[in-house]
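One structure is given here, and the rest of the page talks about it.
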There are 4 protein chains.
Amino acid sequence: MISREALRDLLDPEVPGRLGRLFRAWHFAAVFGGVAVAVATSMDAVWSSSARPWLIAFVVALSIAFAVLYGLRIVIAGDEQTAEGETAGAARLRYVRSPMGLVDLMACLPIALGFAVGAPTQQIMLLTVLWVFKLMRYSQGLAILGRVVRLEREPLMGVLLAFLIALFLAATLAHLLERDVQPDAFGTMPKALWWAITTLTTTGYGDAVPITAGGRMLAGLVMMCGILVFALWAGILATGFSEEVRRREFLRTYDLVHKVPFFHDLGTSLIAEVARLLKTREFPVGATVVRRGQAGDCMYFIASGEIEVRTDARPFHLHAGSFFGEIALLTGGPRTATAVASKHSMLLVLDIADFRELAARRPELTKAIQDEAVRRQQRGPGRGAAAD
Amino acid sequence: MISREALRDLLDPEVPGRLGRLFRAWHFAAVFGGVAVAVATSMDAVWSSSARPWLIAFVVALSIAFAVLYGLRIVIAGDEQTAEGETAGAARLRYVRSPMGLVDLMACLPIALGFAVGAPTQQIMLLTVLWVFKLMRYSQGLAILGRVVRLEREPLMGVLLAFLIALFLAATLAHLLERDVQPDAFGTMPKALWWAITTLTTTGYGDAVPITAGGRMLAGLVMMCGILVFALWAGILATGFSEEVRRREFLRTYDLVHKVPFFHDLGTSLIAEVARLLKTREFPVGATVVRRGQAGDCMYFIASGEIEVRTDARPFHLHAGSFFGEIALLTGGPRTATAVASKHSMLLVLDIADFRELAARRPELTKAIQDEAVRRQQRGPGRGAAAD
Amino acid sequence: MISREALRDLLDPEVPGRLGRLFRAWHFAAVFGGVAVAVATSMDAVWSSSARPWLIAFVVALSIAFAVLYGLRIVIAGDEQTAEGETAGAARLRYVRSPMGLVDLMACLPIALGFAVGAPTQQIMLLTVLWVFKLMRYSQGLAILGRVVRLEREPLMGVLLAFLIALFLAATLAHLLERDVQPDAFGTMPKALWWAITTLTTTGYGDAVPITAGGRMLAGLVMMCGILVFALWAGILATGFSEEVRRREFLRTYDLVHKVPFFHDLGTSLIAEVARLLKTREFPVGATVVRRGQAGDCMYFIASGEIEVRTDARPFHLHAGSFFGEIALLTGGPRTATAVASKHSMLLVLDIADFRELAARRPELTKAIQDEAVRRQQRGPGRGAAAD
Amino acid sequence: MISREALRDLLDPEVPGRLGRLFRAWHFAAVFGGVAVAVATSMDAVWSSSARPWLIAFVVALSIAFAVLYGLRIVIAGDEQTAEGETAGAARLRYVRSPMGLVDLMACLPIALGFAVGAPTQQIMLLTVLWVFKLMRYSQGLAILGRVVRLEREPLMGVLLAFLIALFLAATLAHLLERDVQPDAFGTMPKALWWAITTLTTTGYGDAVPITAGGRMLAGLVMMCGILVFALWAGILATGFSEEVRRREFLRTYDLVHKVPFFHDLGTSLIAEVARLLKTREFPVGATVVRRGQAGDCMYFIASGEIEVRTDARPFHLHAGSFFGEIALLTGGPRTATAVASKHSMLLVLDIADFRELAARRPELTKAIQDEAVRRQQRGPGRGAAAD
């Protein structure tokens, strides 16, 4: 048995480590396998083949695994945030009611219910499509999108309202203009609405096409409105997105910058400025961060992990709180050493463009970096900045 | 009978309150019900069923209700802005001529006229589609869109002109290239224009498709132009939209910030900076603003309403002019109390990312907030910041 | 005969005035009339009707008018920029070679040539479609678009290249996957390219549709690439557009700000800041700029023209260099007077949001405006700020 | 034989020069010729014509040429960055493994293999489509796009995930709703997925169209989701693109600004500010940069090359490090001289809008430019600023 601690780490999509990666690989494979089964079993040729029992067994096995996982997640959810005086039961209920809790439940319950009420097995197999929601857990991007759509709710609803008004007007006019000529395609409002939505979204199936002069002019207008609606939506989301991305990156970096001792000696206002410019980047064990002789276009601060620097002399290690790669930025020359992540590391990257702008505005930063570099060289390569 | 005051509040889409919400719910239901009737009655199966008299009665009743509402709105419009020396009659005329006045008139007059001239009842029912315009009253977003389109009128017209030039050129060339091979689809300019607009908007019904080599190359070019036009439109609107949203938010916040006493002691320049960063958010009675133990990612200033703070000690109330949630921002720890809106409240939210940037640039803000927090604690939890 | 001066003003699309507006209205009507004739005559029903001679006469008359206009434009082009030592002939040649010169030539020459070589009259009528290019002269927006596309040439070409690579790959793969099953639709590369472009632009005529499993997967990928190409294009243009609009507005305003005496007393740096915020707006004679009692959301500086201010006292006039509407901004109350343009005026508008931000950053601006307002009131309403 | 140096210059797409341009023209012609052959030979009419041997010979000859080029590139790749202690062999291997190395290999190897294994010649001809990748070498824009997509990977994947979830849900629901009515179009999940992707991307072939009321409502929703996905993608890319373009321009300019002696006397912080505003522009020999008497909307700094200035006096030359065109900006008048590139020149352009903003913020820049202009005039036109 693994400990509760280890289990929590294993199920957390953010925690690095070999076992976690294995689990996530299995999870992805299970989800895509399940969806593939849903697609395959819907074809009678596959369903009536000899593969049927294997496919059913595969789905049943995974459903049971997902049910067990759901149970485990409920158990460990009890450990979260009990510090706030919440009972373990309340914390568990919170997970059960959360969107991810519902997704995890939907991955096993409907299939079990299907078998329980004796639904046709071929239909039950289709329910594995619901597993696709489980991927949401791994997507940072989706969370950002969700927040953007929520923040820009009001203008998005405004566009939707404009869309609805255009839709109903277009359908009514098309109905009036075309119903006598094409009763099959425009004879009732539902039919006209079907034409209107295919046209307003510029999908254009071609199953309902106006043929009168008036109907075609209307259709032309409707298509152009469709493009406008589309463009408005894109414009709103572009605006919201750009702000949200900037906000996230700043917050994540601010937290990391606080862990880097080098920045402690600088003023708070410089930290905020640096945090706005730094980008975070992860490096797994063994990844080459910088290669000797390459052109240098950024410098690195170590937020967590360990970096091995390989020079002509004996290689040395840098730990969280150190920085490297500054020489290429200060001199403009190529990298003088190769740096490899000897542990899974989180680095903060300062781009050369940002470095130069910042250095011009805040000369004390360049000075601090130069002082540090000099101090490091005096101690000799064997000690390195790792001593900080 | 309700008073004129209460009536004005009831009909104002922005005023909160139970009766107002009930009225708006009824209004929405009426509009959607009316449109649903228009859709349903256009189908002969519904029209010849026994539901017919009920549907007619439904529409007639709502039309009368909308006519009464129109009358009431004219009456209360007389009370607006008489301060500027305008007579009540002039103010009423202004409402009648305004877009919303026309929409309100269109909701009842055409149906009455339809019955008056003895039009077929099934056709009259279609007029309820016009009710969909009434939703415009509730959409802030639509007003923003209108302003953006008006401000960006010039470049949008430029794209429209480019669109028209492309349209006519494409149609003429397609007419010349395809008319001998497909006289049915490209034999005249109107037919060629129909093809051109379906292609330029990338709708592609498929009822007219070039088959000569030249026609197909032309079509490929036209499709790419369509994408370009689309992209230009999206680009223009994105730009305009982003500016308008920023402007609105700033103005709304600036007015609210002026109501918060805490900001009075700060300089004007700091107020303007804070106003640029704050976001407004409404909380109905009973809504939980902050929950104890949660991670804190923003602080709140109360512009109007009342907030109940629940700590281990006796709960206390904060009124307009106070702030709360600053401790989580200053210490980085979880929320130390739960805050619930005990009245309908308008809060100003300062995001943690903005707070940190601002605090770095303007250290006096952090100091003012800290001083205030200390003062509050010295008076004991029972009194709280509500005394400010 | 009208003078050369007057003629130049008449033909300039930017110069205001009654005659100029009449000319432009005629120009627009002529262009749209010509295009309408091209559309109408392409239909045999119209062509074989008794309207034929009238339509021909209409086009011939307009073509002659356009030829005369072309000649006049060549003549007056000789007056332009001779200050730089250029001969009148060189200036004329420059016009003839310019895009608008070519458009003006294309409006008459091809039709004349058509009659000269004895082309079928119905075909000659189609050439009036070329007149649509003449509208380019009136569109500021189109000029902006042209500049943006030129500036963003490099990334746009990059996307185009990606588009071409995707197009050829998609066509080749579809050709390989589908040619045996559907030789009619995918049997040769030109046919496959036709399918690829209809799919990559998401037009989807439906005349060529893959039916093999591989072909359909490929098609799905191609459609998603199409959306990506589209999105890239929109992104690039949005970026370029936003910068270009800002640049134009700034330059236009900077020139006007220099004409306003009030700004002369302020420092240069404040002028540049104000110029970035001001928006230009034109008001024809008799237009109401501000109405008494309305909420005030901006103030106005007069760059050119004359404004009549109507208060309780005797109305007075403000001339170029004055400003008005500042009281509503300073006090937050409604407008205290009505302002009407007594001549065609160009005003600079300072939005309330921008005013507040600016006033916070540069308190000297508020002071200067207040001083000016006080001085104006001391002189009494009869004299007004017009004396400045 | 040409030297190794000259060969490297010839193959570098960025190095200017007559021979390099000739080589690039040949390269472009070869690629487009090859693709045209692939398209032509796929048509049996062409293949069975007498042109067949010529087409084959053309492709074989070019393939051999590309193979030779590939070999040459491997050889000269050995010279690159050996300074970093890398052996020539390692540098060569790096090229072979790089994307462009693979593209160069793909241009010759598959065709050779095709002949080797005795594939049908008509099929081998299709492989020339792969040559289209060779154009990637010439596109700066494509490199920018690649970087943007890489940087915005996370949110783009989020949208892709949302797209996949919508796709599978839509397909499953459509399958359930329509399979009994239209087993041919929706009977299996693969068929339903085909419908879903054509609809979600708004391509709308029209080969599978829902006909039940439920199916059509679903389709309407799916189309609107498609627009949303599209808009999200556009929004993300617009954001990323705008940042990347700004970064590139800054870096390129910063390097060039350092080569201009005039800027050495200014402070570092002013250099960074200027570098943010300058745009780079290339002028081939003989190109006119500025024409006397034109309105001046920018000034130029020479980063490399030579400019001939033609005034009333004897013409003089300006070399790298000088600037010109500042008089029109300082006085607002027209250009006082004509400037022509007497060598291939790289200029830095300072736009009038940026100049005015910068001059307001940093008066020392205007002063430095004025001093320089005065000094230049004192020395007389014959010496010019070239002496700096």
Side-chain angles (χ1 to χ4, degrees), chain A residues 35 38-44 126 129 132-133 135-136 138-145 148 160 163 190 193-194 197-198 200-207 226 229-231 233-242 245 291-294 297 334-335 351-354 356-357 359-361 363, chain D residues 81 83-86 152 154-162 164-165 168-169 171-172 175-176 187-190 192-193 198-199 202-206 209 213 216 219-220 223-224 226-228 230-232 234-236 238-239 242 246-248 250-251 254 267-273 275-276:
Chain A
V35 173
V39 171
T41 52
S42 74
M43 292 183 281
D44 285 330
L126 274 182
V129 165
V132 90
F133 282 109
L135 298 179
M136 281 165 55
Y138 299 106
S139 172
Q140 272 304 93
L142 213 61
I144 300 182
L145 296 184
V148 169
L160 193 67
F163 183 89
L193 278 167
W194 172 242
I197 199 158
T198 7
L200 201 54
T201 58
T202 76
T203 304
Y205 281 133
D207 55 340
V229 165
F230 208 150
W233 230 323
I236 294 169
L237 289 170
T239 304
F241 201 84
S242 131
V245 165
R291 194 183 296 280
R292 192 177 175 177
Q294 276 184 330
D297 63 348
R335 298 288 189 201
D351 190 273
I352 189 167
D354 296 328
R356 284 188 179 158
E357 277 202 64
R361 232 168 33 238
Chain D
Q81 299 197 316
E84 53 166 304
E86 196 182 37
E152 304 285 336
E154 210 178 89
L156 287 177
M157 290 306 290
V159 179
L160 192 67
L161 182 56
L164 285 180
I165 292 177
F168 277 99
L169 278 195
T172 312
H175 173 60
L176 292 174
T188 66
M189 276 295 286
L193 278 167
T198 7
T199 303
T202 76
T203 306
Y205 282 132
V209 176
R216 289 189 161 189
M223 290 169 203
M224 287 172 66
I227 292 189
L228 198 72
F230 209 152
L232 277 169
I236 294 169
T239 304
S242 131
R246 212 172 306 129
R247 181 183 171 277
R248 288 222 152 203
F250 177 79
L251 277 185
Y254 195 91
T268 340
S269 104
L270 187 53
I271 293 186
E273 252 184 288
R276 216 173 21 239

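Remember, it's a predicted structure, so these values are computed and weren't measured experimentally.
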Over all atoms of both residues, closest heavy-atom pair of D:M223 and A:I197: SD-O, 3.8 Å

Identify which part of [X] has an atom lying under 4.5 Å from any heavy atom of chain D, answering side chain, backbone, both or neither.
X: A:V129; value: side chain
X: A:T41; value: neither
X: A:W194; value: side chain
X: A:A38; value: backbone
X: A:V148; value: neither

Between D:T199, D:L169, D:T188, the one whose heavy-atom pairs under 4.5 Å with chain A are most numerous: D:T188

Working for side-chain contact (heavy atoms from CB on, under 4.5 Å), residues D:L193 and D:F168: CA-CA 7 Å; D:L193 278 167; D:F168 277 99; 4.0 Å; yes

When only pairs under 4.5 Å are counted, which of [options] shares the most heavy-atom pairs with chain D?
options: A:M136, A:R335, A:M43; answer: A:M43
options: A:S42, A:A40, A:P190; answer: A:S42
options: A:V39, A:T198, A:L135, A:L200; answer: A:V39

Check whether [X] gets within reach of chain A through its side chain, its backbone, both or neither, counting any heavy atom under 4.5 Å.
X: D:T203; value: backbone
X: D:L160; value: neither
X: D:L156; value: neither

Exceeds 12 heavy-atom contacts within 6.0 angstrom, atom CE of D:M157: no

From D:L161 atom CG to A:F133 atom CZ, the distance as rounded to the nearest 0.5 Å: 10.0 Å

